[in-house]
Amino acid sequence: MRFALVNPNWCFAGSVYFGCREPHLPLELGYAARALEDAGHEAVIIDAHLFNLSLGDLRARLEDFAPDFTVLVTAPTYLFWRCAQPELTVPELTAAAIIEAAGVLVAVGPHPSTSPGSVLAKLRADAVLRGEFEQALPLLADKDWREIPGLVFNWRGSLHGKDGRVQTAKVEALPALSWPDEWISRHVHHHHRFDAPPRGPGAEVEASRGCPFGCVFCAREYFRGAYRKRPMATVLAEIDGLLSRGVEYVYFIDELFLADRPLLSELAARGLKFGIQTRIDLWKPRDLELLGRAGCVSVEAGLECLTPDVRALLGKRSAMSTEQMVERLVMAKNNIPFVQANLVDVGCESPDFVAEWRERLRGRGVWANDPVPIFPYPGSNIYRRKWGEPDDLAWERALQDYHEGITRLSDLQDAWSMPAAVGS
C-alpha cells in the first residue's frame, strides 16, 4: 500500500497559539514512514510547511504519488501537540483541497485525540486515529478496522471506536531518523536559540517522551503522557547523522529533558550546540555544569508560578522554594548562555508582585516572560475540572472560556486572537 504523510503549510494568523511558527522537522511523520516501510508499505512525507507548498502544489504531489492512504496531522510537529492551535482552519482547507486525491483520508493529532467525532466530520475524513499514531499506521492496511484501538470511523450509521482507547507508542523501538539533505538545508531555524546567529542548519531530536508529573495545565491525557526514554545509542546515531549533514544546533523536543549524565558526556564529545526544556528543580549544581559543558546554549525552565499556594493549585509538586529555584536558575545561567523561566497567569498573583520577581530574575541574567494566560486545553486536568471528559465541542468551549477570561496580552503574544470556532 502507498501512504502519503502530510504536514500542512501552517498559518496561525488570529490564532491562540503559543508555539513557534517556523517549520520544524516532523519527527512523528519520520517515525511513521519508517514503521510503514518496515511493514512492507511505501511511504512519502510531504511537508508543505518546510517547502512552502501551496494547496495546488500539495494536491499535485498527491496526484503524482496516487496514495491508497493519506495521513493528515492537525497540529505542527510533536513539539507543539501540547499547545496546539485550537482552530482547524488550516487542516480543513488542506483536507478540502486534497480529498479527491487522498485515497483514504486519516487525521491524526491532538484534536482527533480529544474530539474525534468533530474532526472526522469537519475534515470529511474516513477515520481518525487517537493518540501516538506512528507505529499503528500499518494496521490500517493489514487489520480489520474494528479491531484497531483508538481508530474512530463511521460504521453502519454510527461512530465506531469512541470507547476511550488511544494508541501509545513504544518509544524504545522508535528508530534513528535520517532526513534528506534538501530537508536539512532548508531547516535554517534554530528553535529557541538566542546566544548567537545561526551558521549552519538546525534540527529537532527526541530523547524522551512524556512526563511523570501532573501539572493541571498540561494536555497529556491522550498522548505523550507516561515518561519514556529512547535508547541512548539510537539518539546518538540520529545526532551523528545530523552532524554529518552540517547541522550546528539541535533542539530536544522532550517535555522534560533530565540530567542523563552518560548522554550529556557523549554530547560534550561531539561539539554540538543544543537547547532543552526542563524543570530546574530536578537539576543538581554539578549536572548543570555538565549540561553547559555538553553544549547546551538554551534552557526553557517551567517555573510557572512564584508562591507555594499557586504552585499547589497548578499541581507543581516541588521540594524547593521559589528562592531556591531562582538560585538554581542563576546557577544554570552561569553555565548556559540563555536561561528562561516560564511563567503562567492564573489570576492569583498580583501583577506588581510578579513584575518585581521578573526584575529580580532579569537582574541576575535569567529571562522571565510576562505570565501567559492559561489556555484550558482539552486533555488537560484543568479542562477536566471545569467540564469533565472532552467531547466534540471541547475546543470551542475552551476557546470561548479563554476569550471570556483574557484581559491582556503577554509578551509572548504578538496580537489578539480571533474568537473563532474550531471549524472556522
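Here the structure is a predicted model, which means the values were calculated and not measured. Worth knowing before you read on, the calculation uses all heavy atoms, side chains too, and leaves out hydrogens, waters and symmetry mates.
Not counting sequence neighbours, the partners of Asp195 by the side chain to side chain donor-acceptor pair (under 3.5 Å) test are Arg193. For Trp81, there are no side chain to side chain donor-acceptor pair (under 3.5 Å) partners, not counting sequence neighbours. Shown here are the salt bridge (charged side-chain N to carboxylate O under 4.0 Å, His left out) partners of Asp144, two or more places apart in sequence or in another chain: Arg146. Contacts of Asp391 classified as salt bridge (charged side-chain N to carboxylate O under 4.0 Å, His left out), with partners at least two apart in sequence or in another chain: Arg397. Every side-chain contact (heavy atoms from CB on, under 4.5 Å) that Pro198 has, sequence neighbours left out, goes to His190.
Leu55 is listed as a side-chain neighbour of Thr94, based on a closest heavy-atom distance under 4.5 Å. Under the 4.5 Å side-chain criterion, counting only non-hydrogen atoms from C-beta, Trp179 is in contact with Leu27. Counting only heavy atoms from C-beta outward, the side chains of Ser318 and Arg279 approach each other to under 4.5 Å. Here the side chains of Leu282 and Phe213 are in contact, with some heavy-atom distance below 4.5 Å. Side-chain atoms of Phe375 and Phe18, non-hydrogen and from C-beta on, do get closer than 4.5 Å to each other. Residues Ser298 and Ile336 fail the side-chain proximity criterion, which asks for heavy atoms closer than 4.5 Å. Counting heavy atoms from C-beta on, the side chains of Leu137 and Leu129 come closer than 4.5 Å. Phe3 has its side chain out of reach of Pro67: every pair of non-hydrogen atoms, C-beta onward, lies at least 4.5 Å apart.
Of the possible polar contacts, one joining the Arg220 side chain to the Gly225 backbone as a donor-acceptor pair under 3.5 Å is found. Between the side chain of Trp145 and the main chain of Leu140, a donor-acceptor pair closer than 3.5 Å is present. Using modelled atom types, no side-chain atom of Ser208 and backbone atom of Asp254 make a donor-acceptor pair closer than 3.5 Å. Panel note: side chain Ser380, backbone Pro376; no donor-acceptor pair is recorded below 3.5 Å. Proximity of a side-chain donor or acceptor of Arg2 to a complementary backbone N or O of Phe65 within less than 3.5 Å is detected. Using a distance-only test at 3.5 Å, with no hydrogens or angles considered, no donor-acceptor pair links the side chain of Glu304 to the main chain of Leu314. Side-chain atoms of Arg82 never come within 3.5 Å of backbone atoms of Pro110 as a donor-acceptor pair (strictly under, hydrogens ignored). A distance-only check finds no donor-acceptor pair linking the side chain of Asp126 to the backbone of Val104 [under 3.5 Å]. With hydrogens and angles disregarded, a donor-acceptor distance shorter than 3.5 Å links the side chain of Thr114 to the backbone of His111. Side-chain atoms of Arg362 come within 3.5 Å of backbone N or O of Ala368 as a donor-acceptor pair.
In this structure, Leu50 CG and Ile184 CD1 are separated by 9.0 Å, a value rounded to the nearest 0.5 Å. Atoms CG and CG, from Leu361 and Leu329 in turn, are 6.5 Å apart once rounded to the nearest 0.5 Å. The distance from atom CZ of Phe133 to atom CG of Leu29, rounded to the nearest 0.5 Å, is 5.0 Å. Considering CZ of Arg21 and CD of Gln85, their distance stands at 10.0 Å, rounded to 0.5 Å. Between Glu92 atom CD and Leu72 atom CG the span is 11.0 Å, to the nearest 0.5 Å. Note: Leu174 CG to Glu28 CD = 11.0 Å, rounded to the nearest 0.5 Å.
The ring of His24 has its center closer than 6.0 angstrom to the ring center of Phe80.
Closest heavy-atom contact between Pro112 and Val119: N-CG2, 3.6 Å. In terms of heavy atoms, Leu177 sits closest to Arg34 at CD2-CG, 4.4 Å. Of all the heavy atoms in Leu242 and Val205, the pair that sits closest is CD1-CG2, 3.5 Å. Of all the heavy atoms in Ile382 and Phe217, the pair that sits closest is CG2-CA, 4.3 Å. Ala35 and Pro138 get closest at one heavy-atom pair: O-CG, 3.7 Å. Of all heavy-atom pairs between Cys215 and Lys316, the closest is SG-CD, 3.2 Å.
Shown here is Glu323, whose CD atom has more than 12 heavy atoms of other residues, nucleotides or ligands within 6.0 Å.
With salt bridges taken as basic N to acidic carboxylate O contacts below 4.0 Å, one links Arg261 and Asp287. The pair Glu134-Arg209 counts as a salt bridge, with a side-chain nitrogen and a carboxylate oxygen less than 4.0 angstrom apart. Look at Arg364 and Glu327 and you find a salt bridge, because one of the NZ, NE, NH1 or NH2 atoms lies within 4.0 Å of a carboxylate O, short of that distance.
Using a 30° and 60° split on the angle between ring planes, Tyr249 and Tyr251 fall in the tilted class, from 30° to 60°. The aromatic rings of Phe252 and Phe274 sit perpendicular to each other, their planes meeting at more than 60°, with 30° as the lower class boundary. Note on ring orientation: taking the six-membered ring where Trp is involved, the planes of Trp283 and Phe257 are parallel (angle under 30°, cut-offs 30° and 60°).
Among residues at least two apart or in separate chains, side-chain hydrogen bond (donor to acceptor under 3.5 Å, both in side chains) pairs with a member in residues 159-174 are Asp163-Arg165.
The side chain to side chain donor-acceptor pair (under 3.5 Å) test with Gln340 singles out one residue from Lys333, His192, Glu300, Gln277, and that residue is His192. No option in Trp10, Tyr402, Phe12 other than Phe12 meets the ring-ring contact (aromatic ring centres under 6.0 Å, His included) test with Tyr17.
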Derivation of the side chain to side chain contact (heavy atoms under 4.5 Å, CB included) call for Arg59 and Glu100: CA-CA 9 Å; Arg59 183 174 60 249; Glu100 298 299 328; over 6 Å; no
Determine whether Glu206 and Tyr31 satisfy the following criterion, side-chain hydrogen bond (donor to acceptor under 3.5 Å, both in side chains), listing intermediate values before the conclusion. CA-CA 11 Å; Glu206 181 180 37; Tyr31 298 139; 2.8 Å; yes
Using the side chain to side chain contact (heavy atoms under 4.5 Å, CB included) rule, take Ile276 and Cys296 through it: C-alpha gap first, then chi angles, then the decisive distance, then the call. CA-CA 8 Å; Ile276 66 167; Cys296 183; 4.3 Å; yes
Using the side chain to side chain contact (heavy atoms under 4.5 Å, CB included) rule, take Leu236 and Leu263 through it: C-alpha gap first, then chi angles, then the decisive distance, then the call. CA-CA 8 Å; Leu236 292 174; Leu263 176 60; 3.9 Å; yes
Stepwise salt bridge (Lys or Arg N to Asp or Glu O under 4.0 Å) test for Glu396 and Lys122: CA-CA 13 Å; Glu396 286 92 343; Lys122 288 171 179 172; 2.6 Å; yes
Going through the distances and angles, do Leu306 and Leu343 end up as a side chain to side chain contact (heavy atoms under 4.5 Å, CB included)? CA-CA 8 Å; Leu306 298 166; Leu343 298 174; 4.3 Å; yes
